[in-house]
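Atoms within a ligand are numbered from 1 in the order they appear, just like the ligands themselves.
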Amino acid sequence: MTKEIKDLGWNFDNSYSRLPKSFFSSVNPTAVSSPKLIIFNHPLAASLGLNEEALQCDDGAAVFAGNRIPEGASPLAQAYAGHQFGHFTMLGDGRAILLGEQITPKGNRVDIQLKGPGRTPYSRGGDGRAALGPMLREYIISEAMHALGIPTTRGLAVVTTGESVIRETELPGAILTRVAASHLRVATFQYVAKWGTVEELRVLADYTLKRHFPDLEANESRYLSLLQEVIKRQAMLIAKWQLVGFIHGVMNTDNMAISGETIDYGPCAFMDEYDPETVFSSIDRHGRYAYGNQPYIGGWNLARFAESLLPLLHEDQEQAVKLAQDAISDYMVQYKSNWLSGMRAKLGIFNEEAADEALFENLLTMMQKYHADYTNTFRALTFEKYEDMALFRTPEFAQWNEQWQARKERQEESKASSNQLMQNSNPAVIPRNHRVEEALEAAVQHGDYSLMEKLLEVLSSPFAHTSEQAAYSTLPAPSTQPYRTFCGT
Ligand code: AMP
Ligand code: MG
């Protein structure tokens with residue numbers, strides 16, 4: 001592996017590599033035969049202070065493939081252990097390597113991680129590699145989430161490796177470079193709580209406070225504040241998911257970031273028809289991670305986080321449990337309040353009334369009964385275009401609509417500002433599954449990236465409500481097979 005010569009704009013500091021040795025394993029990516037840069041996120045690169053011109057050529061391909069270690073990087077795989085579908089297991093970065101932490105021109109610290117760069121000590125039976133389709137999928141969906149204003153990790157680049165990966169069939173291999181506020185997970189804390197010392201747990205918690213919550217560092221009960229702040233961010237994040245119909249698909253504790261960003265896009269997808277039981281993941285047979293369960297699973301995962309922190313919360317463990325329980329019970333209250341605020345905005349409502357929740361629930365009940373598309377229902381309400389959905393022809397809707405109109409009349413704000421609020425809160429487009437699949441097929445099977453580029457462009461301004469976006473809101477043709485997604489691919 002060669003060191004680079006040109007200044008590519010890397011400005012690494014590697015604070016994670018200075019943590020106790022048991023928290024990670026130093027490991028280099030395994031070089032690939034013929035790396036080719038196929039996606040490079042220019043605006044993101046610019047915000048990171050990277051040399052866009054140099055990186056979009058061979059230098060970028062070499063770095064993002066793991067063939068060349070950038071100056072100042074200190075590659076490592078992180079250790080973590082968490083609950084997968086409720087079962088506790090040792091995990092760790094089995095197919096991801098952290099190059100280092102880039103300090104951006106604005107002074108922010110972000111992780112630069114390669115996903116699919118070869119085996120690590122945590123790979124178990126896996127090959128440490130990733131296939132092109134799923135890496136492009138993560139790129140598309142995380143960019144869409146970012147544009148929707150939902151905290152998320154982002155894709156900086158995708159390279160093809162020139163090598164195949166063997167899954168059910170032979171697939172083209174690829175590596176995604178992911179940018180994250182950090183890769184600290186609930187599962188990182190679970191790992192240290194289970195196998196580390198209390199001193200190591202304190203080191204991890206102090207590190208997390210310093211990195212993500214510096215304002216809380218001086219608090220006397222800073223570990224309780226840490227718990228409360230993580231709860232607050234998840235209550236916010238999961239409410240945002242629910243409000244756009246996003247289904248993460250695999251909310252294991254290793255896939256819940258302490259930073260409050262959406263992380264690990266595997267079998268995720270957006271719901272079409274409103275149905276709380278919607279599940280896309282092929283392995284989620286019991287619907288543990290169904291749309292309607294996400295808020296509760298968020299609480300379950302946070303309870304695992306709270307358990308990990310118990311030794312730090314109070315010397316007296318009974319007191320510690322009490323503090324943890326109080327914090328956890330507040331999660332649902334906060335989630336609910338965020339969801340209600342979001343629904344108010346989606347329906348053009350500025351102030352609060354006690355009966356709002358019933359108004360929203362009644363709408364959702366009707367949507368489910370009449371198989372209404374989640375995104376398109378709110379778009380139709382925004383523009384009062386009621387012609388093409390069965391829901392809007394029912395007497396129930398007419399009655400609900402009267403109540404909704406009366407509700408809006410009772411606020412001071414004008415109809416125009418209420419409409420504007422709705423336009424800003426209800427996306428014109430989401431990454432519809434059939435559109436994503438169509439773009440991926442063209443890219444992976446035929447090397448044609450034009451559909452994907454167009455899709456990314458349309459998804460980049462979801463609240464613009466342009467005529468071009470209307471074409472992207474059409475539903476897939478009815479199919480006998482439910483849409484299925486896969487993880488670990
Ligand atoms: P994920 O579904 O991406 O959250 O992955 C769950 C766990 O499986 C993580 O510890 C991954 O590092 C590991 N893993 C997934 N795919 C592979 C692979 N191809 N090789 C090695 N480890 C993998
Ligand atoms: Mg994971």
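- Contact atoms of ligand 1 toward Leu91: 10 (O) (distance under 4.0 Å to a heavy atom of the residue).
- Contact annotation: for Arg185 versus ligand 1, there are no heavy atoms closer than 4.0 Å.
- In this structure, the ring of Tyr139 has its center no less than 6.0 angstrom from the ring center of Tyr265.
- Neither the backbone nor the side chain of Asn252 has a heavy atom within less than 4.0 Å of ligand 1.
- None of the N, O or S atoms belonging to Asn252 lies under 2.8 Å away from the Mg ion (ligand 2).
- Taking the six-membered ring where the residue is Trp, Phe23 and Tyr16 present tilted rings, their angle falling between 30° and 60°.
- Of all heavy-atom pairs between Leu455 and Ala439, the closest is CD2-CB, 4.1 Å.
- In this model, a donor atom of one side chain and an acceptor atom of the other lie less than 3.5 Å apart for Thr262 and Trp241.
- Counting all heavy atoms, side chain and backbone alike, Glu163 lies closest to Arg129 at OE1-NH2, 4.4 Å.
- Residue Asn255 places at least one N or O, backbone or side chain, under 3.5 Å from an N or O of ligand 1.
- Close contacts between ligand 1 and Asp254 involve ligand atoms 4 (O) [criterion: under 4.0 Å to a heavy atom].
- By the 4.0 Å heavy-atom criterion, Gly92 is counted among the residues contacting ligand 1.
- The atoms of ligand 1 that sit less than 4.0 Å from any heavy atom of Gly128 are 18 (C), 19 (N), 20 (N), 21 (C).
- Listed by number with element, the atoms of ligand 1 under 4.0 Å from a non-hydrogen atom of Gly126 are 20 (N), 21 (C).
- The N, O or S atom of Asp264 lying closest to the Mg ion (ligand 2) is OD2.
- Listed by chain and number, the residues in a side chain to side chain contact (heavy atoms under 4.5 Å, CB included) with Lys346 are Leu243, Met343, Tyr374, Phe378, Ser425, Asn426, Pro427 (sequence neighbours excluded).
- Val250 does not count as a contact of ligand 1, since none of its heavy atoms falls under 4.0 Å from the ligand.
- Within the 6.0 Å centre-distance limit, the rings of Tyr483 and Phe280 are counted as a close aromatic pair.
- Annotation for Ile141 and Phe270: closest pair CG2-CE1, 4.1 Å, computed over non-hydrogen atoms.
- Taking the six-membered ring for Trp and the full ring otherwise, Phe85 and His87 have centroids separated by 6.0 Å or more.
- For ligand 1 and Asp264, the ligand atoms under 4.0 Å from any heavy atom of the residue are 4 (O).
- Looking at Arg167, Gln78, Arg95, Met90, it is Arg95 that brings a heavy atom closest to atom 3 (O) of ligand 1.
- Contacts between Gln84 and ligand 1 below 4.0 angstrom, taking non-hydrogen atoms only, involve the side chain exclusively.
- The number of heavy atoms from other shown groups lying within 6.0 Å of CZ (Arg285) does not exceed 12.
- Taking the N/O/S atoms of Asp254 in turn, the shortest distance to the Mg ion (ligand 2) belongs to OD2.
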